[in-house]
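Letters go in sequence order (proteins before strands), and every chain restarts at 1.
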Number of protein chains: 2
Amino acid sequence: MASEDDRIEIDIEIDRDAGFVGDYLLYLLAAASDAASADFHAHVREQGLRVPEWRILACLCDEDGQMVTQLAQLALMEQSHLTKIVDQMATKGLVKRRSDERDRRRVRVYLTAAGRVLGTGLVKKAREHEMSIVSRLGATDAARLKAALKDIHAICRGGDDAAGRASSAPAELEASLS
Amino acid sequence: MASEDDRIEIDIEIDRDAGFVGDYLLYLLAAASDAASADFHAHVREQGLRVPEWRILACLCDEDGQMVTQLAQLALMEQSHLTKIVDQMATKGLVKRRSDERDRRRVRVYLTAAGRVLGTGLVKKAREHEMSIVSRLGATDAARLKAALKDIHAICRGGDDAAGRASSAPAELEASLS
DNA sequence: GCGATTAATATGAATTCGCATATTTTTCCC
DNA sequence: GGGAAAAATATGCGAATTCATATTAATCGC
């Protein structure tokens, strides 16, 4: 019962011919997004922020005083979730709410001074981090990649709001799409 | 106090010059991934599956009997989360566990007949859906995009396990990287 | 071979997230 | 202008997700 078969059995099957997922666009997008973000997200957490908070800060640095729904779409999260995160950020003193004068249903979210400082710093870091990836990928390929990603986004939107034009579209992504 | 100023004030600012997020690689990746997946994920849920379950099915269709940790990496989720989802899927009769004979710490996850049927069907649907996106994007651009995404993944991995080679790497993505 | 260390998975508590819906304000239509 | 329909946000609750750690098995050093 002792030493019958001590060969090391290699059970790691390297199937280079891939299967399905290894070349599936939706998987590649998710995997690339995850992998690319891991580094920076770790940095964000070191700053005492969670990822959704960072996203909101970044969006507000781009355009302060956005509406809740607008911001949620842009930050890729649900409205009710964004509302809750804004609560927390307000408690932390990073943002403040103010209801829109013209339409008092709307609530606009503004950066506080502290929020702007933190956000600006992180945006700078994010740019540096992005540059390090872009340089490793090559500037040309990176530019092509970005263009393709914008195309994908433009093509695939409509599952949400069926060819939703006008007011709800996250402005930044509309631009430069051809 | 009645009609002082009824002009419709356009408060939607279309800033085509983008800000930061509109051209930030990590944002574009996340946004594209979200947008591209929305459709199909809706279909998955209509089949009574949640997205993580679909991911696991797909991975097992590619290679049955994977280890828990392996599977978690491949399916882009945490190990403890995967364990719980496998519990549920086992209850539903989609997968079954069997401990590895050589190393009884390891638990391998296998598809049941029902799981394979469901998974195979969804993979087929996923291929069709992917093709519809690829055709709208253009075959050449799509191929370039996939290559770039694989590059990104290869470049950015290392935040997790510092240049992790060998056994832990999700085989499919290693392949065809140059 | 025996104890210490490491690997693989599971478990439990705390948090986040998402869905359905309530609430408040505005717009539309008559 | 008054009530019904719509829009924007908030709330409550259940499920999903994470984090820290427990548990079990294998490997390494002596």
Separation of [N] [atom2] from [X] [atom1] (nearest whole Å):
X	N	atom1	atom2	answer
E78(B)	dT15(C)	CD	C1'	13 Å
D34(B)	dC17(C)	CG	C1'	14 Å
R45(B)	dG18(C)	CZ	C1'	10 Å
L82(A)	dC19(C)	CG	P	15 Å
E101(A)	dT25(C)	CD	P	13 Å

* Asked: Would R144(A) and D141(B) pass as an ion pair if we require N to O under 4.0 Å?
  -> no

* Apply side chain to side chain contact (heavy atoms under 4.5 Å, CB included) to I56(A) and I85(A), showing your working. => CA-CA 9 Å; I56(A) 291 173; I85(A) 295 178; 3.6 Å; yes

* To do: Would you grab the first and last nucleotide of DNA chain D (5' to 3') that comes under 4.0 Å of any non-hydrogen atom in chain B?
  =>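 Going 5' to 3' along DNA chain D, contacts run dA16(D) to dA26(D).
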
* In terms of the nearest nucleotide of DNA chain C, which residue is placed more toward the 5' end: M77(A) or R104(A)? -> M77(A)

* To do: Report yes or no: is the cationic atom of R98(B) (NZ for Lys, CZ for Arg) under 6.0 Å from the centre of the six-membered ring of Y110(B), at an angle within 45° of the ring normal?
  => yes

* Asked: Just wondering, are more than 12 heavy atoms of other shown residues or ligands nearer than 6.0 Å to CD in E101(B)?
  -> no

* To do: Encode nucleotides 5-12 of chain C as B, S and - characters from 5' to 3', where the letter depends on protein heavy atoms closer than 4.0 Å: B to the base, S only to sugar-phosphate, - to neither.
  => --BSBBBB

* To do: Determine the contact category for E53(A): base if any of its heavy atoms lies under 4.0 Å from a base atom, sugar-phosphate if only primed atoms, P, OP1 or OP2 are that close, otherwise nothing.
  => nothing

* Which distance, rounded to the nearest 0.5 Å, do you find between the CG of L49(B) and the NE2 of H41(B)? -> 11.5 Å

* Asked: Given L25(B) and L149(A), is the side chain to side chain contact (heavy atoms under 4.5 Å, CB included) satisfied, shown in steps?
  -> CA-CA 9 Å; L25(B) 180 58; L149(A) 292 173; 4.1 Å; yes

* Is any side-chain heavy atom of L94(A) less than 4.5 Å from a side-chain heavy atom of L111(A)? ->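 Side-chain contact under 4.5 Å: no.
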
* Going by distance alone, is a donor N or O of one side chain under 3.5 Å from an acceptor N or O of the other, for Q73(B) and T69(B)? ->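 There is no such pair (donor and acceptor under 3.5 Å, judged by atom type) between the side chains of Q73(B) and T69(B).
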
